[in-house]
Peer 1: 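Below is one structure. I have some questions about it.
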Amino acid sequence: MSRRRLILMRHATAADGTGRDVDRPLTRRGLEEAHRVGERLREAGPLPDRVVASSARRCRETWQALSSGLAAEQRPAIAVEFDDRLYNASTGALLEALHDETVAEVLLVLGHNPGISLLALELGRANAEDETVLRDGFAPATLAVFDVSGAWQDLSASATRLERFERAK
């Protein structure tokens with residue numbers, strides 16, 4: 001079986017809400033953060049072949065800015081799915097979505113706190129150093145890259161190892 005990678009990412013900095021939470025856009029800073037994350041992934045990898053993201057506006061805009069940093073238009077198509085179930089999803093709902101995955105080699109999951117942060121902590125729990133790094137949580141535009149052994153439906157702390165943890169710069 002080939003090496004699988006999981007990228008967990010929290011959306012970039014969003015505007016304060018005055019209307020419906022799901023409709024909050026990114027700030028200018030958030031757009032810049034997401035673009036820089038895409039540039040770092042383009043330079044250091046891994047490059048996702050599939051993205052599963054919350055349908056919230058701030059996640060859609062994060063993906064759009066991130067993909068421009070990846071120069072995604074110059075790469076093979078990246079399959080993207082915006083899923084209503086991932087809007088403010090719990091760790092259990094995020095794991096369920098991951099367990100449903102069948103084809104991705106490098107999967108980017110783009111969502112919200114606290115679910116993304118708690119899922120990363122859960123996956124890093126098997127290694128004390130990983131758990132310590134992940135304990136501080138995810139500020140906007142933070143990502144964690146995990147090596148994954150086995151199939152997506154078997155994803156658990158014992159099947160993952162934290163490769164990289166990056167906060168927005």
Side-chain angles (χ1 to χ4, degrees), residues 2-17 21-83 86-89 94 97-98 101 103-121 123-124 127 129-130 132-148 152 155 160-169:
S2 62
R3 178 180 183 192
R4 295 184 195 282
R5 313 278 271 300
L6 173 63
I7 306 167
L8 295 178
M9 182 177 172
R10 181 179 175 197
H11 62 78
T13 301
D16 291 334
D21 181 67
V22 72
D23 295 327
R24 287 194 301 136
L26 294 184
T27 61
R28 178 183 304 269
R29 175 183 174 184
L31 292 167
E32 292 168 357
E33 289 168 346
H35 183 82
R36 284 192 304 272
V37 169
E39 290 175 331
R40 286 196 315 274
L41 286 173
R42 184 183 70 224
E43 293 165 4
L47 299 176
D49 54 41
R50 181 158 158 69
V51 176
V52 178
S54 162
S55 57
R57 178 176 176 184
R58 58 194 177 273
C59 288
R60 290 177 180 275
E61 290 181 359
T62 296
W63 170 246
Q64 185 176 24
L66 189 150
S67 67
S68 73
L70 280 173
E73 69 280 355
Q74 299 171 8
R75 304 192 175 286
I78 298 171
V80 180
E81 176 185 354
F82 293 101
D83 190 333
L86 298 188
Y87 173 65
N88 284 334
L94 290 166
L98 287 164
E101 182 57 43
V103 297
E105 293 297 319
V106 179
L107 178 63
L108 169 63
V109 177
L110 177 56
H112 309 269
N113 260 353
I116 285 289
S117 179
L118 292 173
L119 177 58
L121 188 59
L123 294 177
N127 180 304
E129 286 180 31
D130 293 353
T132 299
V133 167
L134 295 164
R135 187 157 299 196
D136 287 337
F138 279 49
T142 295
L143 64 82
V145 179
F146 291 89
D147 281 320
V148 177
W152 292 111
L155 188 67
T160 58
R161 182 186 59 79
L162 183 65
E163 179 181 307
R164 188 166 90 234
F165 180 74
E166 291 182 11
R167 295 188 182 279
K169 296 179 177 158

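Positions are given from 1, in the same order as the sequence printed here.
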Peer 1: Check this for me: R29, atom CZ, are more than 12 non-hydrogen atoms of other residues, nucleotides or ligands nearer than 6.0 Å?
Peer 2: no

Peer 1: Looking only at the aromatic ring of each residue, does the gap between the centers of Y87 and F82 stay below 6.0 angstrom?
Peer 2: no

Peer 1: Within the structure provided, determine whether F138 and F165 are in side-chain contact (heavy-atom separation under 4.5 Å).
Peer 2: yes

Peer 1: Heavy-atom distance under 4.5 Å between the side chains of L108 and W63, does that happen here?
Peer 2: yes

Peer 1: What pair of heavy atoms forms the shortest contact from S55 to R60, and how long is it?
Peer 2: O-NE, 3.1 Å

Peer 1: Take atom CD in E101; do more than 12 heavy atoms of anything else shown fall under 6.0 Å from it?
Peer 2: yes

Peer 1: Between R28 and E32, does any side-chain N to carboxylate O distance fall below 4.0 Å?
Peer 2: no

Peer 1: A side-chain contact here means heavy atoms from C-beta on lying under 4.5 Å apart; do E61 and R58 qualify?
Peer 2: no

Peer 1: When you check the gap from the basic side-chain N to the acidic O, do R5 and E105 get nearer than 4.0 Å?
Peer 2: no

Peer 1: Compare every heavy atom of P140 with every heavy atom of A12, then report the nearest pair and how far apart it is.
Peer 2: C-CB, 3.7 Å

Peer 1: How long is the straight-line distance from OG1 of T160 back to CG of L6, given to the nearest 0.5 Å?
Peer 2: 8.0 Å

Peer 1: If the threshold is 4.0 Å, N to carboxylate O, is there a salt bridge linking R57 and D23?
Peer 2: no

Peer 1: How far does CG of L26 sit from CD of E33, to the nearest 0.5 angstrom?
Peer 2: 8.0 Å

Peer 1: Using the salt bridge (charged side-chain N to carboxylate O under 4.0 Å, His left out) definition, which of the options R161, R164, R4 pairs with D147?
Peer 2: R161

Peer 1: Which heavy-atom pair separates C59 from H11 by the least distance, and what is that distance?
Peer 2: SG-CB, 3.9 Å

Peer 1: Sort out for me which residue in N127, L119, L8, L162 forms a side-chain contact (heavy atoms from CB on, under 4.5 Å) with L134.
Peer 2: L162

Peer 1: Please list, chain by chain and in numerical order, all residues satisfying salt bridge (charged side-chain N to carboxylate O under 4.0 Å, His left out) with R10, sequence neighbours excluded.
Peer 2: none

Peer 1: Is the shortest side-chain heavy-atom distance between P48 and L107 below 4.5 Å?
Peer 2: no

Peer 1: Kindly compute the distance separating CZ (R135) from OG (S117), expressed to the nearest 0.5 Å.
Peer 2: 10.5 Å

Peer 1: What's the separation between atom NE2 in H35 and atom OG in S67, rounded to the nearest 0.5 Å?
Peer 2: 10.0 Å

Peer 1: Which atom pair, heavy atoms only, marks the closest approach of A168 to A141?
Peer 2: CB-CB, 3.6 Å

Peer 1: Passes side chain to side chain contact (heavy atoms under 4.5 Å, CB included), V103 versus D49? Steps please.
Peer 2: CA-CA 9 Å; V103 297; D49 54 41; over 6 Å; no

Peer 1: Only one of T62, L41, V51 forms a side-chain contact (heavy atoms from CB on, under 4.5 Å) with M9, so which one is it?
Peer 2: T62

Peer 1: Specify the closest pair of heavy atoms between V106 and I7, including all atoms of both residues, with the distance to one decimal.
Peer 2: CG1-CD1, 4.0 Å

Peer 1: How far apart are the closest heavy atoms of L98 and W152, and which atoms are they?
Peer 2: O-CB, 3.3 Å

Peer 1: With rounding to the nearest 0.5 angstrom, report the CG to CZ distance, L70 to R40.
Peer 2: 11.0 Å

Peer 1: As an exercise, state the distance from CG of L110 to CG of D83, rounded to the nearest 0.5 Å.
Peer 2: 12.0 Å

Peer 1: Please walk me through it: do N113 and L118 pass side chain to side chain contact (heavy atoms under 4.5 Å, CB included)?
Peer 2: CA-CA 8 Å; N113 260 353; L118 292 173; over 6 Å; no

